[in-house]
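Structure first, commentary second.
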Amino acid sequence: MKQSFFLVPTMREVPADADVVSHQLMLRAGMIRQVAAGIYTYLPLARRVIRKIESIVREELDQTGAQEITMPTLHPAELWQESGRWEKYGDELMRLTDRHNRQFALGPTHEEVITSLIRDSINSYKKLPLNVYQIQSKFRDERRPRFGLLRGREFIMKDAYSFHTGGESLDEMYKVMYDAYSRIFRRAGLNVRPVIADSGAIGGKDTHEFMALADVGEDTIAYSDQSDYAANIEMAAVKVNYTRPDEPLLERELVDTGDAKTIRAVAERLSVQEEKIIKSLLVSIDDEWALILLRGDHELNDIKLKHALGASDIRLATEEEVLEVIGTEVGTIGPIDVKGMKVIADHGIKSIVNGVCGANESNKHFVHVNEGRDFTVDTYADLRFIQEGDPSPDGKGTIRFAQGIEVGQVFKLGTVYSEKLGATFLDENGKSQPMLMGCYGIGVSRMVAAVIEQHHDEDGIVWPTSVAPFDVHVLALNVKKEEQMKLADSVYHSLQQAGLDVLLDDRPERAGVKFKDADLIGLPLRVAVGKRADEGYVEVKVRKTGEVIEVHADELVPTIQAKLQQLAE
Ligand code: ATP
Ligand code: MG
């Protein structure tokens with residue numbers, strides 16, 4: 001490809017509206033342009049990277065026996081009503097109406113479409129298991145589209161769906177896909193950690209997310225410093241055996257805490273540690289009020305609360321609701337003499353003796369409060385976020401945190417969708433049974449950004465060879481010098497003939513501009529054709545290491561091939 005006619009509008013300035021490196025570099029390197037919030041055009045460089053990622057995905061999935069199909073982007077509302085998700089998916093579902101006033105959604109995921117297809121085309125155990133996939137644009141009206149391709153409203157996803165006669169077959173496929181995902185991300189140059197995850201809006205049970213480690217990642221991973229244990233912080237179980245310190249119980253006292261409303265302020269005012277304070281939260285759980293108790297130094301994990309109670313809808317009461325239901329302000333709620341609601345406590349509460357809690361009265365707290373004597377707990381559960389320094393739930397080592405970008409997820413869905421949509425099969429005994437399902441997603445466009453987050457330096461992108469838009473960047477440093485242009489052309493052709501993807505910078509720009517753009521675009525190898533062109537010499541630079549060597553044009557192809565080989569290892 002000759003750069004003079006190649007649509008790669010590079011920019012010198014860092015765009016003001018881009019605050020993560022991958023977004024900045026993709027704009028600067030002329031890879032993407034925004035059309036509307038979270039909606040982008042992929043220019044040729046980005047398109048080439050996506051194509052390389054897609055072929056890695058296809059190669060690995062085809063090898064597992066998965067079959068590629070293409071489902072529509074437009075989904076009739078009826079299908080989503082059948083699964084119950086027309087309502088449940090909420091504002092993230094992009095909805096539209098056709099000329100006959102029929103409602104449609106732009107597909108954010110395809111469980112409904114695929115389950116209805118399989119329901120209508122497969123009815124015997126003999127045709128199962130089956131695994132199908134597609135790569136296409138998905139639409140989600142994200143509340144906060146941001147960080148360029150990391151969180152778009154229109155983005156490219158690979159989604160796969162498997163159908164099974166039983167749990168063993170699903171478990172097997174899950175493992176096959178898990179392994180294929182590990183290979184896909186490794187081949188794309190991503191440092192990824194699989195973590196135990198929450199199944200979220202899709203439903204189902206067993207699930208892992210694949211997290212590309214990066215500081216800009218929106219997910220926090222809790223991992224053990226001494227074992228393989230890693231979980232999304234949403235799911236990481238806290239396994240601490242709390243024991244009540246052996247102290248004499250003191251008499252409860254009502255004290256004035258003035259305008260101290262936060263845990264920290266109360267701790268300071270009363271000169272007690274935060275872990276001695278009982279934090280009380282009024283929460284609506286499936287439309288019933290409950291009081292949730294946590295230690296002052298712990299944070300409520302609402303996903304754990306949901307799971308612990310098997311609830312579907314959980315939200316914190318507003319200030320007005322707290323006033324109405326408890327009769328005091330948010331900062332002074334407590335469990336003593338609270339009536340008409342369940343009291344649910346995190347296990348950490350068991351470690352508090354002579355604690356502090358809100359007195360359900362403005363500006364007042366109780367001190368020397370003890371569970372059992374002053375209030376009772378209906379249910380204890382693991383409700384808090386794990387913290388750095390906690391013991392790892394597998395009993396090995398201590399928990400540390402890292403940030404990750406979710407680039408993929410594998411789910412065991414079970415029969416959630418097959419039951420709702422009636423995807424059944426006849427087993428060996430002629431009995432009708434719902435199919436078991438798995439589903440598996442990869443954020444293809446998000447992967448491009450994740451790769452850049454992990455592979456860049458202050459000058460620009462440093463592409464891993466497997467997904468680089470081209471293998472080699474040939475720079476004709478001075479296009480007015482005939483011998484330079486001639487050698488650049490011949491080098492360009494011989495590299496192409498050797499089967500390499502080559503970008504030739506033949507623009508009438510200064511050498512300095514070309515070097516800067518080459519670093520910014522970040523192809524693995526750069527071949528500069530300059531002053532020594534008349535002797536047949538060119539300069540090869542390895543983008544990743546900065547290594548520079550002079551090579552005679554006759555030796556160039558094998559040199560480049562060897563360097564690429566080295567980089568790929
Ligand atoms: P997130 O938690 O980041 O919103 P998700 O768990 O809702 O993602 P899935 O339904 O698991 O996403 O979709 C499969 C994959 O699609 C994700 O692992 C992610 O890589 C990608 N993906 C999801 N939402 C987006 C988005 N808004 N922009 C780009 N990629 C996305
Ligand atoms: Mg996910």
Side-chain angles (χ1 to χ4, degrees), residues 1 22 25-26 29 31 44-64 135 158 179-194 210 212-214 405 407-408 442 444-457 459-475 491-505 518-528 538-551 553 555-569:
M1 182 60 66
S22 56
L25 287 176
M26 271 190 270
M31 293 180 67
L45 277 180
R47 191 57 248 170
R48 293 180 78 95
V49 176
I50 290 168
R51 209 161 71 199
K52 293 211 170 165
I53 293 175
E54 287 172 343
S55 36
I56 294 174
V57 169
R58 286 197 171 94
E59 265 176 50
E60 292 294 341
L61 291 189
D62 291 349
Q63 249 177 51
T64 70
I135 303 177
K158 185 288 299 176
D179 293 343
Y181 272 37
S182 304
R183 287 193 300 275
I184 288 166
F185 296 125
R186 194 173 50 239
R187 282 182 62 184
L190 280 174
N191 177 15
V192 157
R193 183 122 199 201
F210 288 79
L213 301 179
I405 299 167
V407 285
I442 289 182
V444 172
S445 48
R446 182 181 280 185
M447 265 178 84
V448 181
V451 168
I452 296 175
E453 289 295 339
Q454 290 189 353
H455 300 274
H456 68 267
D457 62 17
D459 297 319
I461 304 167
V462 185
W463 289 111
T465 50
S466 57
V467 298
F470 294 91
D471 302 309
V472 190
H473 207 163
V474 176
L475 312 186
V491 158
Y492 171 62
H493 287 294
S494 52
L495 288 170
Q496 276 190 324
Q497 255 154 26
L500 297 167
D501 283 336
V502 192
L503 182 63
L504 170 64
D505 191 348
D519 279 346
L520 178 60
I521 292 169
L523 304 183
L525 297 174
R526 183 186 85 188
V527 176
V538 299
E539 182 198 84
V540 175
K541 183 180 162 199
V542 181
R543 176 69 180 89
K544 188 171 166 187
T545 59
E547 181 200 358
V548 176
I549 47 168
E550 286 216 280
V551 183
E555 297 297 316
L556 187 64
V557 171
T559 307
I560 293 287
Q561 282 167 331
K563 288 276 173 215
L564 284 172
Q565 184 66 35
Q566 258 174 29
L567 284 170
E569 277 159 12

(request) Test V540 against V472 for side-chain contact (heavy atoms from CB on, under 4.5 Å), laying out the working first. (result) CA-CA 10 Å; V540 175; V472 190; over 6 Å; no
(message) Checking the side chain of K52 only, and the main-chain atoms of S466 only, is there a donor and an acceptor separated by less than 3.5 Å?
(response) no
(message) Any salt bridge linking R543 with D457? Criterion: basic side-chain nitrogen under 4.0 Å from a carboxylate oxygen.
(response) yes
(message) Determine whether M447 and V467 satisfy the following criterion, side-chain contact (heavy atoms from CB on, under 4.5 Å), listing intermediate values before the conclusion.
(response) CA-CA 10 Å; M447 265 178 84; V467 298; over 6 Å; no
(request) Starting at CD of Q561, measure out to CD of Q565 and round the result to the nearest 0.5 Å. (result) 9.5 Å
(request) Evaluate side-chain contact (heavy atoms from CB on, under 4.5 Å) for R58 paired with I135, printing each intermediate quantity in order. (result) CA-CA 9 Å; R58 286 197 171 94; I135 303 177; 3.9 Å; yes
(request) Can you see which heavy atom on M31 is nearest to which on I452, and at what distance? (result) SD-CD1, 4.3 Å
(request) Identify the heavy atoms of M1 and Y492 that sit nearest to each other, and give their distance. (result) N-OH, 2.6 Å
(request) Check for a donor-acceptor pair, side chain of Q454 on one end and backbone N or O of N191 on the other, with a separation under 3.5 Å. (result) yes
(request) Return yes if some donor-acceptor pair links the side-chain N/O of D471 with the main-chain N/O of D501 below 3.5 Å, else return no. (result) yes
(message) Please give me the minimum heavy-atom distance between P464 and V451, naming the atom from each residue.
(response) CD-CG1, 3.6 Å
(request) Using the side-chain contact (heavy atoms from CB on, under 4.5 Å) rule, take L45 and F470 through it: C-alpha gap first, then chi angles, then the decisive distance, then the call. (result) CA-CA 8 Å; L45 277 180; F470 294 91; 3.9 Å; yes
(message) Show the nearest heavy-atom pair for residues E547 and I549, with the distance to one decimal.
(response) OE2-CG2, 4.0 Å
(message) Does this structure show an ion pair linking E453 with R446, if we count only N-O contacts that are shorter than 4.0 Å?
(response) no
(request) Starting at CZ of R193, measure out to OG of S182 and round the result to the nearest 0.5 Å. (result) 12.0 Å
(message) Looking at G189, is its backbone amide N or carbonyl O close enough to the side chain of H455 to form a donor-acceptor pair, meaning the two atoms are under 3.5 Å apart?
(response) yes
(request) Supply the atom-to-atom distance L500 CG to I560 CD1, rounded to the nearest 0.5 angstrom. (result) 7.5 Å
(request) Using a strict cut-off of less than 4.0 Å between a Lys/Arg side-chain nitrogen and an Asp/Glu carboxylate oxygen, indicate whether R526 and D505 qualify as a salt bridge. (result) no
(request) Can you measure from NE2 (H493) to CG (L495) and round to the nearest 0.5 angstrom? (result) 10.5 Å
(message) So, taking the atom named CG in D519 and the one named NE2 in H473, what distance separates them when rounded to the nearest 0.5 Å?
(response) 10.0 Å
(message) Working to the nearest 0.5 angstrom, can you tell me the gap between F185 CZ and I56 CD1?
(response) 11.0 Å
(message) Tell me the closest heavy-atom pair linking V557 and S494, and the distance in Å.
(response) CG2-O, 3.9 Å
(request) Return yes if some donor-acceptor pair links the side-chain N/O of W463 with the main-chain N/O of I521 below 3.5 Å, else return no. (result) yes
(message) Using modelled atom types and a 3.5 Å cut-off, is there a donor and acceptor pairing between side-chain atoms of T465 and backbone atoms of L564?
(response) no
(message) Quick check: closest heavy atoms across L567 and P524, and the distance to 0.1 Å?
(response) CD1-CB, 3.9 Å
